[in-house]
Asker: 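A single structure is presented below for examination.
Chain letters run A, B, ... following the sequence lines, proteins first and then strands; every chain starts at 1.
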Amino acid sequence: MPELPDVEIVRKKLARWLTGRKITDASTRDAWVARPSPRSFSRVLEGRRVRAVERRGKWLRVLLDDGARLFSHLGMTGDWVRVAKGAPPERFERARIDAGASSVRYVDARRFGRLVATRKDIDEWSTLGPDPLTDGVDVSALAKTKRAVKEALMDQTLVAGVGNIIATEALWHARVDPRAPARDLEARDLRTIAREIRREIDRELRPGQTRWSVYGKRGEPCPRCGSKIRSVKLGGRTTAFCPKCQA
DNA sequence: CGGCATGTTGCGCA
DNA sequence: TTGCGCAACATGCC
């Protein structure tokens, strides 16, 4: 599921299902996913009307009419789905929000996701960097770090919403070595990377099968030059790249 | 069975 | 103080 484009698609459907509706029932039994507690999930949400569903990076924020809010991070396998009111739990369902005619369910097989019902913003939201879709990419922030550019791109405080796939693909399109220290790159390359991040997001926002050029393609020929795709670990994450194009 | 996975956090250690 | 590597979280898939 989850990188910025997926989360944006989830935001749109959640907004469609919930905006302007009054929450009649909200419940969860999962004390791992729902923080600070399953009881606070119900207490904060029930009886409130939904004002807006927003997104920043990979986080969603559901604003309520009394100023409280629900934060939702989809982790690796999270999603929100709508079913008929009173329908039995979905497979891997972790929480339920009934509002208007909708019964909206949070499903998450691996439970890496989070639901946080609070009265004020959480640090994970407040410390997010600019969102590429709404704010653009802050190239100057990247130019300040000596970390590998791919790790910098995935740092949510520098760029919000870029994950392993977008970082890997954007660097291939920009022909930049993912291992290169970010601050050693030419300004021109950084601008190209920013542009390719935006293009990759746009590609993945379009419905239909996205085909990746290098992500998950170790050992296969580079679509541009035919060299064999290599992969290395950067910040603990598999990073595929073309040793010839991205030299 | 082993290995890998679109994400994040927290811990030990240099 | 900073940064890095790594395990952990829980499950599915090849």
Side-chain angles (χ1 to χ4, degrees), chain A residues 1-11 28-36 55-61 71-80 89-95 106-116 122-129 131-133 141-142 144-173 178-183 196-197 200-220 229-241:
Chain A
M1 256 280 110
E3 270 190 56
L4 191 154
D6 311 289
V7 183
E8 175 60 15
I9 288 164
V10 171
R11 185 197 68 76
T28 173
R29 293 166 43 169
D30 196 323
W32 172 259
V33 167
R35 312 294 177 91
R55 181 196 57 76
R56 196 155 145 194
K58 301 170 195 168
W59 279 95
L60 293 166
R61 180 171 75 168
F71 291 92
S72 167
H73 194 291
L74 304 175
M76 207 89 120
T77 51
D79 193 12
W80 287 91
E90 296 288 290
R91 187 171 189 220
F92 302 125
E93 178 178 314
R94 310 300 178 188
Y106 178 64
V107 292
D108 187 348
R110 291 175 71 177
R111 297 164 78 220
F112 286 4
R114 285 292 175 274
L115 295 170
V116 189
I122 56 175
D123 283 352
E124 293 92 321
W125 172 273
S126 306
T127 57
L128 287 172
D131 183 284
L133 212 49
L142 294 172
K144 288 186 177 77
T145 178
K146 67 174 184 209
R147 274 185 303 164
V149 61
K150 199 254 191 173
E151 292 181 62
L153 293 179
M154 292 179 62
D155 180 336
Q156 301 300 298
T157 69
L158 295 180
V159 187
V162 171
N164 205 21
I165 295 175
I166 294 175
T168 297
E169 291 292 306
L171 288 168
W172 179 81
H173 282 284
R179 301 165 295 183
R183 70 177 177 197
E196 294 300 339
I197 285 172
E200 185 60 28
I201 290 170
D202 287 342
R203 270 193 291 275
E204 295 191 24
L205 275 176
R206 279 197 293 277
Q209 69 302 338
T210 335
R211 65 189 303 108
W212 295 311
S213 301
V214 283
Y215 175 79
K217 306 245 181 222
R218 176 178 55 192
E220 296 181 35
I229 302 295
R230 281 187 54 197
S231 89
V232 293
K233 289 273 185 191
L234 285 177
R237 311 298 297 281
T238 300
T239 305
F241 68 105

Asker: Strictly distance-based, threshold 3.5 Å: is any side-chain N or O of Arg94(A) a donor or acceptor partner for the main-chain N or O of Asp108(A)?
Answerer: yes
Asker: More than 12 non-hydrogen atoms from neighbouring residues, nucleotides or ligands closer than 6.0 Å to CZ on Arg218(A), yes or no?
Answerer: no
Asker: If you compare all heavy atoms of Asp131(A) against all heavy atoms of Gly57(A), which two are closest, and at what distance to 0.1 Å?
Answerer: OD2-N, 2.7 Å
Asker: Under 3.5 Å, which protein N or O atoms sit close to an N or O of nucleotides 3-5 of chain C? Give each pair with its distance.
Answerer:
none

Asker: Rounded to the Å, how far apart are Gln156(A) CD and dT8(B) C1'?
Answerer: 9 Å
Asker: If I take atom CE in residue Met154(A) and atom P in nucleotide dT6(B), what distance separates them, rounded to the nearest angstrom?
Answerer: 8 Å
Asker: Donor-acceptor check, side chain of Glu169(A) to backbone of Ala167(A), threshold 3.5 angstrom: yes or no?
Answerer: no
Asker: Would you say Phe241(A) and Val232(A) make side-chain contact, with heavy atoms under 4.5 Å?
Answerer: yes
Asker: List for me each residue that meets side-chain hydrogen bond (donor to acceptor under 3.5 Å, both in side chains) alongside Glu93(A), sequence neighbours excluded, and say none if there are none.
Answerer: Arg105(A)
Asker: Looking at residues at least two apart in the chain, or sitting in another chain, which of them share a side-chain hydrogen bond (donor to acceptor under 3.5 Å, both in side chains) with Trp80(A)?
Answerer: Ser72(A)
Asker: For nucleotides dT6(B) and dG3(C), find the distance between their P atoms and express it as a whole number of Å.
Answerer: 24 Å
Asker: Nucleotides 7-13 of chain C: which of its N/O atoms have a protein N/O under 3.5 Å away?
Answerer:
residue : atom : partner   : partner atom : Å
dA10(C) : O4'  : Arg110(A) : O            : 2.9
dA10(C) : N1   : Arg110(A) : NE           : 3.0
dA10(C) : N1   : Arg110(A) : NH2          : 2.4
dA10(C) : N3   : Arg110(A) : NE           : 3.0
dG12(C) : OP1  : Arg91(A)  : NH2          : 2.7

Asker: What would the secondary structure line of DNA chain B be in dot-bracket form, counting Watson-Crick and G-U wobble pairs under 3.5 Å, with [ ] for pairs that cross earlier ones and | for pairs with another strand?
Answerer: .||||.||||||||
Asker: Test your reading of the model: is there a side-chain donor-acceptor pair from Trp32(A) to the backbone of Arg111(A), 3.5 Å cut-off?
Answerer: yes
Asker: Residues two or more places apart in sequence or in another chain: which of them pass side-chain hydrogen bond (donor to acceptor under 3.5 Å, both in side chains) with Arg147(A)?
Answerer: Asp155(A)
Asker: Return yes if some donor-acceptor pair links the side-chain N/O of Ser231(A) with the main-chain N/O of Ile229(A) below 3.5 Å, else return no.
Answerer: no
Asker: So, does Arg114(A) get its side chain near the phosphate of dT9(B), meaning an N or O under 4.0 Å from OP1 or OP2?
Answerer: no
